[in-house]
Amino acid sequence: MSTLTPQTSLRIASYNIRKAVGTDQRRDPQRILGIISDLQADIVVLQEADRRLGKRPSVLPIADIPARTGMIPVQLSTDGSSLGWHGNSILLSPSVKISAICLFDLPGIEPRGAIIADLLVNDGPLRVIAAHLGLLRGSRRRQLSALIQKLGTLDDMPTVIAGDLNEWSLRVGLGRIAHHFTIHAPGKSFHANIPLASLDRIALDQLLEPYAAGVLDSPTTRRASDHLPIWMDFGVKA
């Protein structure tokens, strides 16, 4: 069991970077890297981190990530060109170690996927699931059902899901994981110009509890993407 406590809590952040194209219509990867650094997180999950066509190259300069953010990208691509899987990617602080990675296809009309990362933190295990769910509620429900079914085949460990879950409602649409996780909406994160919806969520299983959470809302984050980044400090329940 992880030894996380309020004194040794982790910070996880989730950010849909929209391929580094901001609301000012500028593609500025360095601006995104600066925001990731400002989040001061131990784990960052990104969505829309790769281009859609060809070899799906990373929109962020992979070689610049450690120097600009202090974080290490989890290597998912065999040729080193992509940062993510279906656009999802995970960055880790050097103190967080990888035990296993599972790249999981999600069903639905659009091509979607999730990353299931088993990590070692403070000498204990933690599973992080990075996901970007579909635009249609019917697809999202199928994707969540598939994810829960997949988790049922894996060893139990403290688990957190983070990402752009694409659900506008705070009451319906994500019920398939509500029996297993407590779903948190740290704040309104979309649209960055006028935040109206909590599309970006963090879900903790019964072994974990939140300590603090929020949205990084600044003039820079309102220009950098159409989503604002969210964050949460959490630990294992006593």
(message) Who clusters with L136? Use side-chain heavy atoms, under 4.5 angstrom, across I, L, V, M, F, W and Y, and order the result by chain and number.
(response) I109
(message) I'd like to know if the side chain of D50 pairs up with that of H86 as donor and acceptor (distance under 3.5 Å, no hydrogens or angles considered).
(response) no
(message) Checking one residue: W231. Which other hydrophobic residues are in its cluster under the side-chain 4.5 Å linking rule?
(response) none
(request) Salt-bridge test for K19 and E48: reply yes if a basic N is under 4.0 Å from a carboxylate O, no otherwise. (result) yes
(message) Is there a side-chain contact between E110 and L135 in this structure, where contact means two heavy atoms from C-beta onward sitting under 4.5 Å apart?
(response) yes
(message) Would you say that I230 contacts L228 through its side chain, given a criterion of any heavy-atom pair below 4.5 Å between the two side chains?
(response) no
(request) Using a strict 4.0 Å threshold on nitrogen-to-oxygen distance, state whether R201 and E167 make a salt bridge. (result) no
(request) Report yes if some heavy atom in the side chain of K150 is under 4.5 Å from a heavy atom in the side chain of C102; otherwise report no. (result) yes
(message) Quick one about S189 and D200 (side-chain donor to acceptor, distance below 3.5 Å, no hydrogens or angles considered), yes or no?
(response) yes
(request) Not counting sequence neighbours, which residues clear side chain to side chain contact (heavy atoms under 4.5 Å, CB included) with S93? List them please. (result) D42, S95, V96
(request) Report yes or no: does R222 contribute a side-chain atom to a donor-acceptor pair with the main-chain N or O of N193 at less than 3.5 Å? (result) yes
(request) Measure the shortest side-chain to side-chain distance between V59 and R51 over non-hydrogen atoms and say whether it is less than 4.5 angstrom. (result) yes
(request) Report the C-alpha separation of D205 and V160 in whole Å, then their side-chain angles, then the decisive distance to 0.1 Å, and conclude whether the side-chain contact (heavy atoms from CB on, under 4.5 Å) test is met. (result) CA-CA 6 Å; D205 75 359; V160 54; over 6 Å; no
(request) Classify the side-chain pair S145/R176 by whether it contains a donor and acceptor separated by less than 3.5 Å. (result) yes
(request) Would you mind listing every side chain to side chain donor-acceptor pair (under 3.5 Å) that reaches into residues 67-76, with sequence neighbours excluded? (result) Q30-R68
(request) If you link ILVMFWY side chains whenever their heavy atoms are less than 4.5 Å apart, which other residues fall into the same cluster as I148? By chain and number, please. (result) F104, L106, I116, I129, L133, L144, L147, L151, L154, I161, L165, L174, I177, F181, I183
(message) Regarding T182 and E209, do their side chains bring together a donor and an acceptor under 3.5 Å, going by distance alone?
(response) no
(message) Please enumerate all residues that pass ring-ring contact (aromatic ring centres under 6.0 Å, His included) together with H132, with sequence neighbours excluded.
(response) none
(message) Any non-hydrogen side-chain atom of W168 less than 4.5 Å from a side-chain atom of L199?
(response) yes
(message) Any heavy-atom pair between the side chains of V45 and I115 that's under 4.5 Å?
(response) no
(request) Treating Ile, Leu, Val, Met, Phe, Trp and Tyr as nodes and any side-chain heavy-atom pair under 4.5 angstrom as an edge, say whether L216 and I12 lie in one connected cluster. (result) no
(message) I want to check something: taking the side chain as every heavy atom from C-beta on, are P210 and H184 in contact at a cut-off of under 4.5 Å?
(response) yes
(message) Within the structure provided, determine whether H191 and L196 are in side-chain contact (heavy-atom separation under 4.5 Å).
(response) no
